[in-house]
Amino acid sequence: MNKCMERLYNGIIKENPTFVLMLGMCPTLATTTTAVNGMGMGLTTTAVLVFSNLIISCLRKIIPDRVRIPAYIVIVASLVTIVQLLLQAFIPSLNESLGIFIPLIVVNCIILGRAEAYAAKNGPVESAFDGIGMGLGFTLGLTCIAIFRELLGAGTVFGVTLIPEAYKITIFGLAPGAFFVLAGLTALQNKFKMPSATNGAGGESVLACGGNCSHCSGSACMANHATLETRRLQAEEDALAAKKAAVAQKQTELSAKLDKKDN
Amino acid sequence: MNKLLNVSSSPHARSSVLTGNLMFDVAIAMVPAAVYGVYQFGLKALCVLLVTMAGSVLSEYVYESLMGKPITVMDGSALVTGMILGLNMPPEIPLWIPFLGSVFAIIVVKQIYGGLGQNFMNPALAARCFLLISFASQMSAFKLDGVSGATPLSVLKNGGRVDVAAMFVGKIPGTIGEVSVVALLIGAAYLLYKKVISIRIPAAYIITFAVFVFIFGEQDLGYVMAHICGGGLIFGAFFMATDYVTSPITPNGRIVFGVLLGILTGLFRLFGGSAEGVSYAIIIGNLLVPLIEKVTLPAAFGKEGKKA
């Protein structure tokens, strides 16, 4: 169970998909015009993410390695279709305001990324919790951005007017505002050093990439890391051997001296 | 042979020109336009100017103290940014809007990118565009003698006729600093005389723009003159396009830059949705400056021409 809690913490804070991993930027920038939209998009993605992680994890030993990406896409696309039909039936207003971004969840890089990086290598329960953590992290990020944009751009939060009409700054409701708010919140997140994979508080590592290899599987980074690791081990072994040799030499010297004294 | 000949490291020749002197000259050059704006629009215009200048200097000071950087308020660059921004504001605007603009100009556009010399676009103009998008109605409500009226450019855009002589003197509605062409030209002459700016960018800009308007607009001298005197063209060409940080340093690059600005301004004014185009043209031009400099780099002294 501890492992599951760790997954939740990892998804929401340490590897928050919006502010730390910088994944899924397209829906982040496009659907955060109002707090309701941002939260709706986040929760919709969470639902898809949890089930896709669960199913992919269950099928990870059956899916052949060479066709795994198409297989994942089929699973994710089926889930997105289900979610879209449910939204159309029960929350048509949200479906209308999110529009094309619901079908686009199929190609959301958080979902494929988690399938590749986690669900394909771990058991179903952990994978489902990984999905919940990542999904809630995404929802948190989107809602934060959307609250700021709605407050500054339209003077409201969740539809409740807080700032009078004359003082709203329209640009925050448009595309540039999304970039301003995202950058500002990411900067705050880094400034206050919430422990994350990018600001060095997530673990001591001398590597520029932070040393967390879970999200660069298969890339050159992995090979680099392996090389560095073997080099470090080699150096340690060498140092140990040198120490041993030095100790042995001292011992022989000492015994020689003793021999001389005895004589 | 005990005598050691010590040579200091370069630079060996130093210029007496400092950032502070240059900024001071630019500020002096804008005084005629500012004085005319205050004379025409009254105390409200003065308040707007004071708010933007104080806002810029204050945000620079606060940001640099918070970040533990050397305080560069005394070099006057923030003051000039504030002045340009203030001259770009309509006189009737509520005072918190120019203040917000100066905070945006200094902190977001200038300091976050590394302070003076590192900003990739003109801070005052970026702030003006930020305000134009955010507060479209307040930013384009112009009044003259208490009567709200359309700027000459909007009149032209809707097919009307304007009085070029009044535009030259400045008896027209518009932003505080852009209305009087005479006052702006006096300031520009001062800058050219002090060799603070070179004539290349403004000349290339205005000539290209005139040719563009003549070809694609109306083939009429009055019409072309009205376009040149109207809006922020003169102000933009002499004071904003020539900003040291965001304009090319190569001589040929300056001409290319001016021509580009002329074409862009013409495009925005004649074919765009809004009557104005100078701010957006200069900002887009700013973004292309590194490319222009790369292409127009002169050969180093002593180097042969291009080898085949």
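All of these numbers come straight from a predicted model, not from anything done at the bench. Quick note on labels: first sequence line is chain A, next is B, and so on, each numbered from 1.
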* Enclosure of B:M53 CE (heavy-atom neighbours >12, cutoff 6.0 Å) -> yes

* Asked: Has B:F271 got more than 12 heavy atoms of other residues, nucleotides or ligands less than 6.0 Å from its CZ?
  -> yes

* To do: Compare all side-chain heavy atoms of B:L131 with those of A:I171 and state whether any distance is below 4.5 angstrom.
  => no

* **More than 12 heavy atoms of other groups within 6.0 Å of B:Y61 OH** => no

* What part of A:A166 is in contact with chain B, defined as an atom under 4.5 angstrom from a non-hydrogen atom: side chain, backbone, both or neither? -> backbone

* Asked: Around atom OH of A:Y167, are there more than 12 heavy atoms of other residues, nucleotides or ligands at under 6.0 Å?
  -> no

* Asked: Quick one: CD1 on A:I169 to CZ on B:F130, what's the gap to the nearest 0.5 Å?
  -> 5.5 Å

* Asked: Is the number of heavy atoms from other residues, nucleotides or ligands under 6.0 Å of B:K294 NZ greater than 12?
  -> no

* **Under 4.5 Å from any heavy atom of chain A - which part of B:L100** => side chain

* Asked: Would a 4.5 Å heavy-atom cut-off, applied to side chains only, mark A:T170 and B:I133 as touching?
  -> no

* Does the side chain of B:F104 reach to within under 4.5 Å of the side chain of A:F180, using non-hydrogen atoms? -> yes

